[in-house]
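What follows is a short report on a single structure.
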Amino acid sequence: MEVERIHLDVIDSTNTYAKEHASEFDPKKITLITADIQTGGRGRFPNRSWISKRGNLHMSLVLSISPNPNLAQVLALSALEVVKLPIQIKWPNDLIFEDKKLAGVLVETTSTGAILGMGMNVNTPIETDQKTISLKELSGKPWDLNQLSLAIAKQFVRNADRDFGELPFEEHLAYKNEFITCDTGRGKIEGLLLGIGPDGHLQVEVDGKIQSIYSGDISHLRML
Ligand code: BTN
């Protein structure tokens, strides 16, 4: 599927722009919206903003297909495959290096499909209460944001055509065989992270039983 780009200098949020304009885009293409700066970048949790400085990646993909719960995970994997650095996926869809956050994905649905937004710290270091890292710090060189966003969008198109269970998501999973706690929004689950099921759910061993978790926020506790 062809990717068509719309670039904006400054916008509140590429996801919000994508939602407001979704019906105007060609449903036979994937629209990639990028912005140099976001003044109201939004994070995955309602009370979290995404600090969006010039030099970093702010992109949204507008999809006219029925939203599949794994698409955000597929986008995270696609970005990891493009940058080719030893980063990992913190389930469900953060990219991290040694507990420091590089990128995150915010998925939202529209009446016509889904919006997948990704923010990545690329050339400009970010200071927040979370530990963060940038691609430039990891690779020692600056990155071209136009090339990077297009390469991620194209890799996403290739991966989205495959069954989720066939993708090498688990190979890049952080904290595998380590103890984690997962805040599911309905309580916390503490156990050994075994891996990912073919449906993208997190498999955690708790008191000898396997629990399959479909959404949540994980924190690392300790090695086995
Ligand atoms: C997270 O909390 O980890 C998800 C962050 C997602 C940020 C991106 S930046 C582009 C798009 N527009 C937004 O307002 N948010 C997403």
Side-chain angles (χ1 to χ4, degrees), residues 3 5-22 25 30-63 67 69-80 82-83 87-97 99-110 113-135 143 145-146 148-153 156 172-175 182-185 202 215-220:
V3 177
R5 178 206 296 273
I6 296 175
H7 181 72
L8 307 160
D9 295 334
V10 182
I11 192 76
D12 52 353
S13 150
T14 54
N15 263 38
T16 306
Y17 179 93
K19 272 203 277 189
E20 287 169 358
H21 294 267
F25 305 139
I30 287 196
T31 305
L32 163 65
I33 297 162
T34 51
D36 288 339
I37 295 172
Q38 292 186 126
T39 52
R42 293 182 284 113
R44 192 156 73 91
F45 296 96
N47 54 350
R48 274 197 216 157
S49 58
W50 184 262
I51 299 171
S52 308
K53 293 195 173 168
R54 187 181 297 282
N56 290 339
L57 181 76
H58 318 109
M59 63 181 270
S60 296
L61 293 174
V62 186
L63 314 178
N70 303 128
L71 289 175
Q73 290 169 281
V74 175
L75 179 58
L77 175 69
S78 305
L80 177 148
V82 165
V83 302
I87 53 178
Q88 289 187 302
I89 301 169
K90 179 181 162 208
W91 183 88
N93 46 45
D94 281 354
L95 295 181
I96 60 164
F97 176 80
D99 282 335
K100 299 182 199 116
K101 183 149 166 170
L102 176 76
V105 178
L106 170 66
V107 61
E108 296 181 297
T109 51
T110 63
I115 314 280
L116 296 178
M118 169 172 269
M120 187 186 290
N121 304 320
V122 179
N123 298 311
T124 308
I126 291 295
E127 291 195 2
T128 68
D129 50 353
Q130 286 186 296
K131 288 183 273 177
T132 61
I133 192 148
S134 67
L135 272 192
W143 290 64
L145 295 175
N146 287 333
L148 181 63
S149 56
L150 197 59
I152 293 172
F156 171 81
H172 303 286
L173 191 64
Y175 316 134
C182 184
D183 187 346
T184 65
L202 191 72
S215 93
D217 190 25
I218 65 176
S219 321
H220 188 209

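Remember, it's 1-based here, ligands and their atoms both numbered in the order they're listed. All values below come from the heavy atoms of this structure, side chains included, with hydrogens, waters and symmetry mates left out. Sequential numbering from 1 along the given sequence is applied to the chain's residues.
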Legend entry - Gln38 versus Asp12, closest heavy-atom pair with distance: CB-O, 3.3 Å
Inset, instruction - Provide the closest heavy-atom pair for Met120 versus Ile152 in the form atom of the first, atom of the second, distance. - result: CE-CD1, 4.1 Å
Inset, instruction - Measure the distance from atom 1 (C) of ligand 1 to every protein heavy atom, then report the residue, atom name and distance (to 0.1 Å) of the closest one. - result: Arg44 N, 3.5 Å
Inset, instruction - Could you name the option among Glu108, Arg42, Gln38, Gln130 that has the heavy atom nearest to atom 6 (C) of ligand 1? - result: Arg42
Inset, instruction - For ligand 1, find out whether one of its N or O atoms is nearer than 3.5 Å to an N or O atom of His58. - result: no
Legend entry - Residue pair Trp143 / Leu57, side-chain heavy-atom distance below 4.5 Å: no
Inset, instruction - Just jot down the ligand 1 atoms closer than 4.0 angstrom to any heavy atom of Gly119, in number order. - result: 7 (C), 8 (C), 9 (S)
Legend entry - Atom indices of ligand 1, in the order listed, that fall short of 4.0 Å to a heavy atom of Trp50: 3 (O), 5 (C), 7 (C), 9 (S)
Inset, instruction - Could you list which atoms of ligand 1 come closer than 4.0 Å to a heavy atom of Ser13? - result: 12 (N), 13 (C), 14 (O)
Legend entry - Pairwise side-chain contact, Phe25 with Ile33, heavy-atom cut-off 4.5 Å (strictly under): yes
Inset, instruction - State the atoms of ligand 1, each with its element, that fall below the 4.0 Å cut-off from a heavy-atom position in Asp94. - result: 3 (O)
Legend entry - Ligand-residue contact atoms, ligand 1 with Val105, heavy atoms, under 4.0 Å: 4 (C)
Legend entry - Exam field: side chain Asn56 to backbone Val122, donor-acceptor pair closer than 3.5 Å: yes
Inset, instruction - Measure from the side-chain N and O atoms of Arg5 to the backbone N and O of Asn146, and report whether any donor-acceptor pair falls under 3.5 Å. - result: yes
Inset, instruction - Please report which non-hydrogen protein atom sits nearest to atom 3 (O) of ligand 1, along with the residue it belongs to and the distance in Å to one decimal place. - result: Lys101 NZ, 2.6 Å
Inset, instruction - Report yes or no: does Ser134 contribute a side-chain atom to a donor-acceptor pair with the main-chain N or O of Pro125 at less than 3.5 Å? - result: no
Legend entry - Distance filter under 4.0 Å to Thr14 heavy atoms, resulting ligand 1 atoms: 10 (C), 11 (C), 12 (N)
Legend entry - Nearest heavy atoms of Val10 and Thr39, plus distance in Å: CG1-CG2, 3.8 Å
Legend entry - Sub-4.0 Å heavy-atom approach of Met59 to ligand 1: yes
Legend entry - Enumerated ligand 1 atoms positioned under 4.0 Å from heavy atoms of Gly41: 14 (O)
